[in-house]
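Below, chain A is the first sequence line, B the second, and so on; all start at residue 1.
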Amino acid sequence: MFRTHTCGELRIVDVNGSVTLSGWVQRVRNLGGMTFVDLRDRYGITQLVFDDDADKSLNEEVHALGREYVVQVTGMVAERSSKNSKIPTGDIEVIVKSLKILNSADLPPFTIEDETDGGEELRMKYRYLDLRRTPMRKALEMRHKMALEVRQYMNDQNFLEVETPVLMKSTPEGARDFVVPSRMNPGQFYALPQSPQVFKQLLMVAGYDRYFQIVKCFRDEDLRADRQPEFTQIDCEMSFVDQEDILNTFEGLARHLFKSLRNVDIVGDFPRMPFADAMKFYGSDKPDIRFDMRFVDISSMTKGKGFKVFDDAEYVGAICAERCATYSRKELDQLTDFVKKPQVGATGLVYVKYNQDGSFKTSVDKFFSPDDFKEWAEMCGAKPGDLLLILAGARKQTLSALCDLRLEMGNRLGLRDNNKFAPLWVVDFPLLEWDDNSQRFYAMHHPFTSPKDEDMELLDRNPGEVRANAYDLVINGVEIGGGSIRIHNDGLQNKMFKVLGFTEEEAESQFGFLMNAFKYGAPPHGGVAFGFDRWVSLFAGVDSIREVIAFPKNNAGRDVMNDAPSYISKSQLDELMIEIKNK
RNA sequence: GGUCUGGUAGUUCAGUUGGUUAGAAUGUCGGCCUGUCACGCCGAAGGUCGCGGGUUCGAGUCCCGUCCAGACCGCCA
């Protein structure tokens, strides 16, 4: 027997018991006449004592111990003379009678501690060591528990988990597919699913009524801190529902997860914000509403006073930073540099300090009067002591830059507390997006999204104005998930394909099976998919989804631990009838 | 495809205008130490300054190229 207890479970009631523990050596503290060893496993840390007065026979073996050695010990549980309140086992220790080294260990390249000294690259290369650290273990435990609670809630709501294929058909719409060559069908390829979208709709046609799946999805696009080539979704679909039913059902899921994982009660209904308002007031389709600082369009009040930047601008927008009128020249310069970064893309920043005494100090004193500033301040709801930050230029770029500036100010002012949660439904998304390059409309969500009934007639004459029955769940400025009510009749679906520029043949070859299915009694249905990794990372309070994925890829899509992807042999290629082109 | 930041001891980093033998902390190793829990004290070892080229009397430092890592833009229905 390797152990009678784990390293996390012995307490004061176990004193005088004989126990056997196995684990990893976290740390050795040799005090000369006695030695303490912290023994670690997944469940915790237990202190071992080797006391010369009691028994010198183990001296040599203890001396040989190194970090991360795997050992087994037998001994007696004793109450500590000096207790450690920081760990659950801190009242006791094990006086060791026998010690067996099960395996020695090379010196790890970084310290296996909560605050490791290891950099990102090393941690990824030796991920199995990184995963020994408590923060990583806790993140994966959080992930496990979240999956469990999702299944619990969904089961209670009558949802059925159904597995859908991983090898499926490639479709050119949307993200780039990962493809898998088929040996038995030379020259043909499967695609890995970007989402099980069509399968879940077919399950609705099949009458399964409520489906969900915690499922891996794949997209062959460049990575980010919150984007991996393979990621996990909570994928859901329901029949005989309208948008309201879906929002309510999944608001319930969100509440259940907030409560069970973070013990947070969200008071009141989740707010809902039309996409158009989100863009107008926050410059983003995923606003962080933990703090207000809404944009105010002051274009009308800033023109015709001879300040060319404002006069030429399509849009002049302001945000009000409370109690920031005391900002120094240096701080304002930093903000100016921030908005001028290529990633933000503003050409400059205008500030208006509304001083405590009611006077104004601004970067545009030459062009405007104190009365002008007073008007702007009133419009922005600014009080003496506040600071207005103003960007101007083309509408789209300026809204986007102002969004970045708002979030930066939120960070500076400590308004983005990781332990505070502000969920939000963004609704009424546009159905279509015009793409200048290819001179055609693309589905903003996906081509199966239904237009709003009241906008249906616009579909022919002004498709860009049509709003969709589509919605996103946004928490703290993170897009946690999104979905839509689907089209369930083949006539409307055909029309959508037409608007999207598909020929009948293309629509038939790519989605014919779905259109065909719709002919056999498709119920009205809709659904949603949540980014499981993002949600876990939000609850775990970490910045990157890599921190909640056991074995993630790096930013070039590589697994630096096993060096995938890799070349395959000539014979493998031959079998697949594939030839590699020289660059 | 692009922009930016970084690569120096096992690790995390510092390194002045281009100038003597490249430093600190931590870890490691050795010694001392009987109540530590980030133990303490003393001592030691540890470097292809990512790689290649160039400028220079002289390059960790400047220039060019390249590789690697990270953040972001494009992309991600």
Side-chain angles (χ1 to χ4, degrees), chain A residues 26-40 45-54 56 63 66-68 78-87 89-91 93 95 106-126 129 171-177 194-195 197-198 217-229 231 337 340-345 397 400-401 404 429-433 435 437 440-449 468 470 479 482-484 496 500 510 529 531 543-544 546 554-556 558 560 563:
Chain A
Q26 174 73 30
R27 178 170 266 117
V28 178
R29 290 182 294 277
N30 185 339
L31 273 64
M34 71 191 312
T35 302
F36 298 102
V37 173
D38 289 340
L39 192 67
R40 185 200 71 235
I45 284 182
T46 298
Q47 175 165 285
L48 311 178
V49 195
F50 299 83
D51 192 336
D52 277 6
D53 281 352
K56 284 196 173 185
H63 196 74
R67 271 160 54 192
E68 301 304 315
E79 182 172 3
R80 291 202 200 183
S81 58
S82 53
K83 299 186 167 59
N84 182 351
S85 59
K86 288 185 210 157
I87 55 173
T89 62
D91 287 348
E93 60 198 357
I95 298 169
D106 281 0
L107 193 67
F110 51 87
T111 57
I112 314 289
E113 283 163 16
D114 291 6
E115 296 289 330
T116 182
D117 62 3
E120 181 93 350
E121 201 177 341
L122 272 178
R123 290 178 48 212
M124 289 304 162
K125 182 160 181 194
Y126 300 92
L129 298 181
T171 51
E173 282 290 288
R176 204 172 282 121
D177 281 324
Q194 299 175 25
S195 91
Q197 183 61 35
V198 292
C217 300
F218 306 84
R219 290 177 191 173
D220 187 8
E221 297 291 348
D222 284 8
L223 289 81
R224 291 285 189 280
D226 62 351
R227 271 172 20 200
Q228 285 273 306
F231 58 100
D337 289 344
K340 284 165 100 170
K341 281 196 304 188
Q343 285 87 344
V344 179
Q397 286 83 339
S400 157
D404 290 337
F429 276 84
L431 182 69
L432 302 162
E433 234 176 346
D435 180 62
N437 288 333
R440 57 162 277 204
F441 281 108
Y442 278 87
M444 192 148 177
H445 187 50
H446 56 56
F448 317 112
T449 302
E479 184 193 329
S484 63
M496 267 300 287
L500 291 170
Q510 282 171 37
D543 291 332
S544 168
R546 283 176 212 177
N554 78 356
N555 73 343
R558 300 199 69 87
V560 294
D563 206 28

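The environment of Lys83(A) atom NZ is dense: over 12 non-hydrogen atoms of other residues, nucleotides or ligands sit within 6.0 angstrom.
Taking both residues in full, the closest heavy atoms of Thr111(A) and Arg67(A) are given as CA-NH2, 3.8 Å, listed atom of the first, atom of the second, then distance. Summarising the geometry of Ala468(A) relative to Thr449(A), their closest heavy-atom pair is CB-CG2, 3.7 Å, with the distance given to 0.1 Å.
OP1 or OP2 of U28(B) lies within a sub-4.0 Å distance of a side-chain N or O belonging to Arg67(A). The side chain of Arg123(A) contributes no N or O atom lying less than 4.0 Å from OP1 or OP2 of U12(B). OP1 or OP2 of A69(B) lies within a sub-4.0 Å distance of a side-chain N or O belonging to Asn554(A). Between Lys83(A) and G35(B), a side-chain N or O to OP1/OP2 separation shorter than 4.0 Å is absent. For Arg29(A), no side-chain nitrogen or oxygen approaches OP1 or OP2 of U36(B) to under 4.0 Å.
Using P as the reference atom, G46(B) and G30(B) are 16 Å apart when rounded to the nearest Å. A59(B) and G19(B) are spaced 10 Å apart, taking the C1' atom of each and rounding to whole Å. Atom C1' of U55(B) sits at a distance of 15 Å from the matching atom of G65(B), rounded to the whole Å.
Comparing A69(B), G35(B), U12(B) by their nearest atom to the side chain of Glu121(A) picks out A69(B). Set against G10(B), G35(B), G74(B), the side chain of Ser81(A) has G35(B) as its closest nucleotide. Here U36(B) is the nucleotide among G70(B), U11(B), U36(B) with the atom lying nearest to any side-chain atom of Arg80(A). When distances run from any side-chain atom of Asp222(A) to the nucleotides C37(B), G1(B), A71(B), the shortest one goes to G1(B). Nearest nucleotide to the Leu107(A) side chain, out of C33(B), U28(B), A69(B): U28(B). Here G35(B) is the nucleotide among C75(B), A71(B), G35(B) with the atom lying nearest to any side-chain atom of Leu31(A). Distances were taken from every side-chain heavy atom of Arg219(A) (C-beta onward) to each of C37(B), C76(B), U11(B); the shortest belongs to C76(B). With distances taken from any side-chain atom of Ser82(A) to the nucleotides C68(B), G10(B), C37(B), the minimum falls on C37(B). For Arg224(A), counting side-chain heavy atoms from C-beta on, the closest listed nucleotide (C76(B), C72(B), U11(B)) is C72(B).
Across all strands shown, Thr171(A) has no heavy atoms under 4.0 Å from either base or sugar-phosphate atoms. Contacts of Phe36(A) with the nucleic acid, taken as non-hydrogen atoms under 4.0 Å apart, include base atoms. Counting non-hydrogen atoms under 4.0 angstrom, Pro109(A) reaches the backbone sugars and phosphates but no base. Within the nucleic acid shown, Ile45(A) has no heavy atom closer than 4.0 Å to any nucleic acid atom. No engagement by Gly90(A) is indicated, since no non-hydrogen atom pair under 4.0 Å with the nucleic acid exists. Heavy atoms of Glu93(A) sit under 4.0 angstrom from at least one base atom.
For Ile87(A) and Gly174(A), each mapped to the nucleotide of RNA chain B holding its nearest heavy atom, the one lying further toward the 5' end belongs to Ile87(A). Of the two residues contacting RNA chain B, namely Asp435(A) and Phe110(A), the nearest-nucleotide position lying further toward the 5' end is that of Phe110(A).
At a cut-off of 3.5 angstrom, counting only N and O atoms as typed in the model, there is no donor on one side facing an acceptor on the other between the side-chain of Glu113(A) and the base of G27(B). No donor-acceptor contact under 3.5 Å links the side chain of Arg558(A) to the base of C68(B).
To the nearest 0.5 Å, atom CG of residue Asp435(A) and atom CZ of residue Phe441(A) are 10.5 Å apart.
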